[in-house]
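Take a look at the structure below.
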There are 2 protein chains.
Amino acid sequence: MNKDSYHHGDLKHALLVGACEMIATEGIQNMSLRKVARKIGVSHNAPYQHFADKEALLAAVAQEGFQRLTDELDTVIERTSTQSCVEQLKACGNTYIKFMMDNSAYLEVMFGPYPYEDYPELAEAGLESLQRLIAVVARGQASGEIKSLNPVEVAGTVWMSLHGLSTILRNGKLPPQLVSERTPTQLASDFLDVIYEGILVQA
Amino acid sequence: MNKDSYHHGDLKHALLVGACEMIATEGIQNMSLRKVARKIGVSHNAPYQHFADKEALLAAVAQEGFQRLTDELDTVIERTSTQSCVEQLKACGNTYIKFMMDNSAYLEVMFGPYPYEDYPELAEAGLESLQRLIAVVARGQASGEIKSLNPVEVAGTVWMSLHGLSTILRNGKLPPQLVSERTPTQLASDFLDVIYEGILVQA
DNA sequence: CTAAAATGTGGACGCTGTCAATATTAGGAT
DNA sequence: ATCCTAATATTGACAGCGTCCACATTTTAG
């Protein structure tokens, strides 16, 4: 499709990409529909042909983020398939943190305040990512590596720790005594190790 | 000070309260400086006498949130001083989640994207809250209840799990298989239990 | 008592999200 | 090929927003 034609051709995709880039470079606070439209070279109302409102576009970006995260988790699980499930779980944690650090735009948007009822496919995409962790945990339980607690519970705990760590990392800085010259990836490893090992003397 | 006088008398405090209420009732997306000013009965420019801009007001609300959270942690630590440190840590977790559920306005704001460099007293207030957890962990280590890992590491893990859980709870709904009719408080207990017990077979 | 500092007001500007009406194009039925 | 319709993009308008400026009012210090 001609670039200068009246019809853009793939505006919906261009909006997703443009919004994502703008969030990454200017922060979600400074992202506006009109600026995205301007950047793409389209009128300020064109986006409404593809998204009901600004929130719907953001929710779509978030959904895309979950899908990409799921893909990366699949990749790393595949690549570590010869290792132990615990190693796989650690690799998933590292992948999660690396993904959020490399794609801060998604981080700003994936756990935003979009009511799940209004965006069921977003809820679905989020669940799909979590499912990957649950599967690894379940396999680890079958092979006897991981305690036979509720796998959803275990995966959920890891999931939330990862989410908590990445959102706090985003703020710019953690309390200095928490960071102490470690990279985000190292931090993730160390924090997950605490979970893996348990903190009670008699586990 | 007379209510209808030219000078409000305690506008700064009124702004903090008003902003907090508006965030709680309408969400942070729908909170505006002008609406807060209108509700208080003051001109749309009066807030600028006390806060450099909107972000500064939000950061101040966030700081207040950390201070209140610290207070509640102090209270519960005091009240459970006769119990084991593990019980204290669990009580802190419950308090954290309850605080975030009861004060959703603070949750929306406390871990927002305010660069810590720009608001050092906010960073300080956040650190202060975390410090309470670290102290409990350190005591638990001294008494032999908690493994002698780096206490900052252990407390940080709990801290991040709590943060992750509450921000995800805020979205309205967790994946249904994760909730299964548990209250937020129950969820927090159960997730923290996973951390406490450790998930590896041989801890 | 008066000058200066603190606090609050009113108006303006550019930007935003969104609505309504209109224009342009694409694609299928004839 | 042509016409109709649906899809797509545009222009214009509106209220609300954050923020800057000049000005008004009040408090406070000397």
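Within every chain, numbering begins at 1; the chains are lettered A, B, ... in the order of the sequence lines, protein sequences first and strands thereafter. Because the structure is predicted, anything quoted here is derived from the model rather than measured.
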Nearest-Å distance, [atom1] ([X]) to [atom2] ([N])?
X     : N      : atom1 : atom2 : value
A:H50 : D:dA9  : NE2   : P     : 4 Å
B:F51 : C:dT7  : CZ    : C1'   : 14 Å
B:Q49 : D:dT27 : CD    : C1'   : 13 Å
A:R38 : D:dT11 : CZ    : P     : 14 Å
B:L33 : C:dT16 : CG    : C1'   : 15 Å
B:Y48 : D:dA22 : OH    : C1'   : 17 Å
B:Q29 : C:dG17 : CD    : C1'   : 13 Å
B:M31 : D:dG16 : CE    : C1'   : 15 Å

Please examine the side chains of [Y] and [X], heavy atoms only from C-beta on, and report whether any two atoms are closer than 4.5 Å.
X      : Y      : answer
A:D190 : A:R182 : yes
B:E121 : B:Y119 : yes
B:K98  : B:M101 : no
A:L192 : A:L162 : yes

Whether A:S166 side chain and A:H163 backbone form a donor-acceptor pair below 3.5 Å: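 Answer holds: yes.
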Selection from C:dT16, D:dG18, D:dA9 that lies nearest to any side-chain heavy atom of A:R34: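 Nearest listed nucleotide: C:dT16.
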Minimum-distance nucleotide to A:K54 side chain [options: C:dG17, D:dC17, C:dT9]: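 Looking only at side-chain atoms, A:K54 lies closest to C:dG17.
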Comparing B:G41 and A:A52 on DNA chain C - which has the more 5′ nearest nucleotide: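 The 5'-side residue here is B:G41.
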Quiz item: A:N45 side-chain donor-acceptor pair to D:dG12 base, under 3.5 Å: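 Answer yes: a donor N or O sits under 3.5 Å from an acceptor.
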Touch class at under 4.0 angstrom, heavy-atom based, for A:H44 against every strand present: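 Touches a base.
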Residue-phosphate contact under 4.0 Å: B:S32 side-chain N/O, D:dC17 OP1/OP2: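 Checking D:dC17 against B:S32, a side-chain N or O does come within under 4.0 Å of OP1 or OP2.
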